[in-house]
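Data first, discussion second: the structure below is written as structure tokens.
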Amino acid sequence: MNHGNKIIQQLQALRQQIDQHNYHYYVQDNPLISDAEYDQLFCKLQQIEQQYPELVTADSPTQRVGASPQKTFSSVNHQLPMLSLGNAFATDEVETFDKRMREALTIDSVEYMVEPKFDGLAVSLRYEDGLFMTGATRGDGSSGEDITHNLRTIKAIPLRLATDNAPPVLEVRGEVLMLKADFIKLNQAQLEKDDKLFANPRNAAAGSLRQLNPAITATRRLTFFAYGVGVFEDAQMPSDKHSNILQYLASLHFPVAHECKVVNGVQALLNSYDDIATLRQQLPYDIDGVVYKVNALTQQQQLGFVARAPRFAIAHKFPAQQAITELLAIEVQVGRTGALTPVARLKPVFVGGVTVTNASLHNADEINRKKIMIGDTVVVRRAGDVIPEIVSVVMAQRPANAESFVMPENCPACGAKARRLLNETVARCTGGLFCPAQQKQAMMHFASRRAMDIEGLGDKLIIQLIDNAIVKTPADLYKLGITALANLSRMAEKSANNIVAAIEASKNTTLARFIYALGIRNVGETTAKALAQHYGNLDRLMHADKEVLQQISDVGPIVARSIIDFFAEPHNREVIEQLRYAGVHWQEDQGQDQNTADSTDKNLTLSGKTFVLTGTLPSMTREAAKAKIETQGGKVTGSVSSKTSYVVAGNDPGSKYNKALKLGINILDEAKLLQLLHE
Ligand code: 5U1
């Protein structure tokens, strides 16, 4: 097809622009345009490529995540082995290394390159004619696994070398890492999902690279640093010094650590080690030492190799980051989704350059597994340099008065019942609508498009409203006036009007949306729909029986438990009542299966009893009373007869009241009815 040069040129220009911005963002850490502007460029490229699919190239920024999940990784032979490094821990070992270099080279002082030793995963990236072709793990050094598709998702790795003079072959060696900040975010997200936590950034990077589905790897933020080359056919490759090779790699747009430095002699090596050790905490990534390499390439060749390690380089490792201290207390924190996390309060201790006073204990199982008791002397480690953790207990030093930890039965933030579900490792607060720790999350979910669909009430606004104590629960949203909103920063009066109108409009909803909006744990949209269809009525669901719940498709014992717990929490019920009082409403019907197990269950308190309702009840509609009676197995009929068990009478009762008196039938007011319902 003839596309005309114009389209091809436009595509090339867009790709170049995006590559350039990727480079500034991911490699230089210095973005030139806003995220929105970047997204615009990317969308434009996607649009044109969609229109002309035959013009899509493998190195297009749109093609980072393309491959479908694999069954296994195939093996790749390294044309040039991927070597490992000898280690030094003490100063005298570094001095011995330097002496060996000087003697072998017969010179007085050696020029070295000093580099941080990244705590990540070594990989080799092969470029052919400037295009990224294959990426592999180190494996045993001779062959590794082909993880090309996963490596393509890492934005710091160029898909095309930034040169007009692309070498026929170039293998770049370096390390894949997860930045400390990204590791913390990932673990937070894992915790929210009740998914496995990673022990440190290295494990997180390894787990992410080992994914058979590149789409998952793409969701994990990984980065890359180059520190050398493998095979190459490249006339541009510097042949004098390793430092120039790194400079050359940087010119091709590979990230190279800023901390790399050329120095002379052993004292300078040791000074650099101290400098980098001091910097360590501030670095955005984990390092576990410093690498020293003889800088001149001819000297490297002269020195050669021993087994699988080069003689010309050594890793000077940092000492392990562990210390011993006392566990003073275990407190429980409540997360955004209500997860209760025990946190160790420690006697302050200096570990790896910082004073540690807290350590996460993750959950009760972790505490039991490590046999941790309050008052114990414990070994603390800064895992992956980021989150301090308790490694073990010094049993010999356990005091007689050491106390076991018991997970609280109630949420420390709101007092609601805490419940640990069968499929979860953490206990969670059940006061979702009320708990202050969960306010923001609950409100964002409540207002979201698939829930109450309150247009304009975005996450940022919700955060502002909660931080300024304007709203606490979703019910407070319906009390919001234009003035309260318009007083917020960056809120125009017109937007305030629109939001108030959207809140008002959201009052008219469906039962399924409302159930979903409540944010009951394990109740997603589909389950909410199934519940709405089955019960047809919120009160009936609020009094649902666990066995009956489990007859509904999508509802197993865990979901049923979540539902029962949620409605058992008085604060949640209170917020629901406030919402109804504010005018949130939906079409209630009988529900598809209302006469199945709920009302015929012989074990329910009111089974076999017949009720007639008359007059206006003080706090609930007759419909609500009917639902409550039915969920307890009772039947509600329209007329009084000798078979009627109870007549429930409110204000201004009708003739049914007189008939009940005549027939000597039990007459209940609302309070007595509630007593009968055990409420
Ligand atoms: N920074 C750095 N890490 N690292 C690891 N350089 C470096 N070089 C290595 C290894 C295994 O090996 C070459 C010296 C061959």
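In listed order, ligands and their atoms are each counted from 1. Please read all numbers here as calculations on a predicted model, not as lab measurements. These values consider heavy atoms only, across backbone and side chains, with no hydrogens, waters or symmetry-generated copies.
The residue from Phe118, Tyr227, Phe225 that puts a heavy atom closest to atom 2 (C) of ligand 1 is Tyr227.
Checking Val349, Thr377, Val351 one by one against Ile324, the side chain to side chain contact (heavy atoms under 4.5 Å, CB included) holds for a single residue, Thr377.
Those atoms of ligand 1 that come under 4.0 Å of a heavy atom in Pro116, given as number and element, are 1 (N). Close approach of ligand 1 to Leu83 is summarised as follows: ligand atoms under 4.0 Å from at least one heavy atom of the residue are 11 (C). Near Val291, with a cut-off below 4.0 Å to any heavy atom, the atoms of ligand 1 are 1 (N), 2 (C), 3 (N).
Classification of Asp98 and Arg102 as a salt-bridged pair holds, one side-chain N sitting under 4.0 Å from a carboxylate O. Salt-bridge formation is not detected for the pair Glu259/Lys261: no Lys NZ or Arg NE/NH1/NH2 atom is positioned less than 4.0 Å from an Asp or Glu carboxylate oxygen. Between Glu93 and Lys317, none of the side-chain N atoms (NZ, or NE/NH1/NH2) sits under 4.0 Å from a carboxylate O, so this pair counts as no salt bridge. Ion pairing between a basic and an acidic side chain is recognised when a charged N comes within 4.0 Å of a carboxylate O; Lys370 and Glu366 show such pairing.
Note on ligand 1: Lys293 sits in its first shell, one or more heavy atoms being nearer than 4.0 Å.
Counting heavy atoms of neighbouring residues, nucleotides and ligands inside a 6.0 Å radius, atom CG of Asp108 does not exceed 12 of them.
Atom 12 (O) of ligand 1 has as its closest protein heavy atom Leu85 CD2, 4.0 Å.
Among the atoms of Glu115, some N or O lies under 3.5 angstrom from an N or O of ligand 1.
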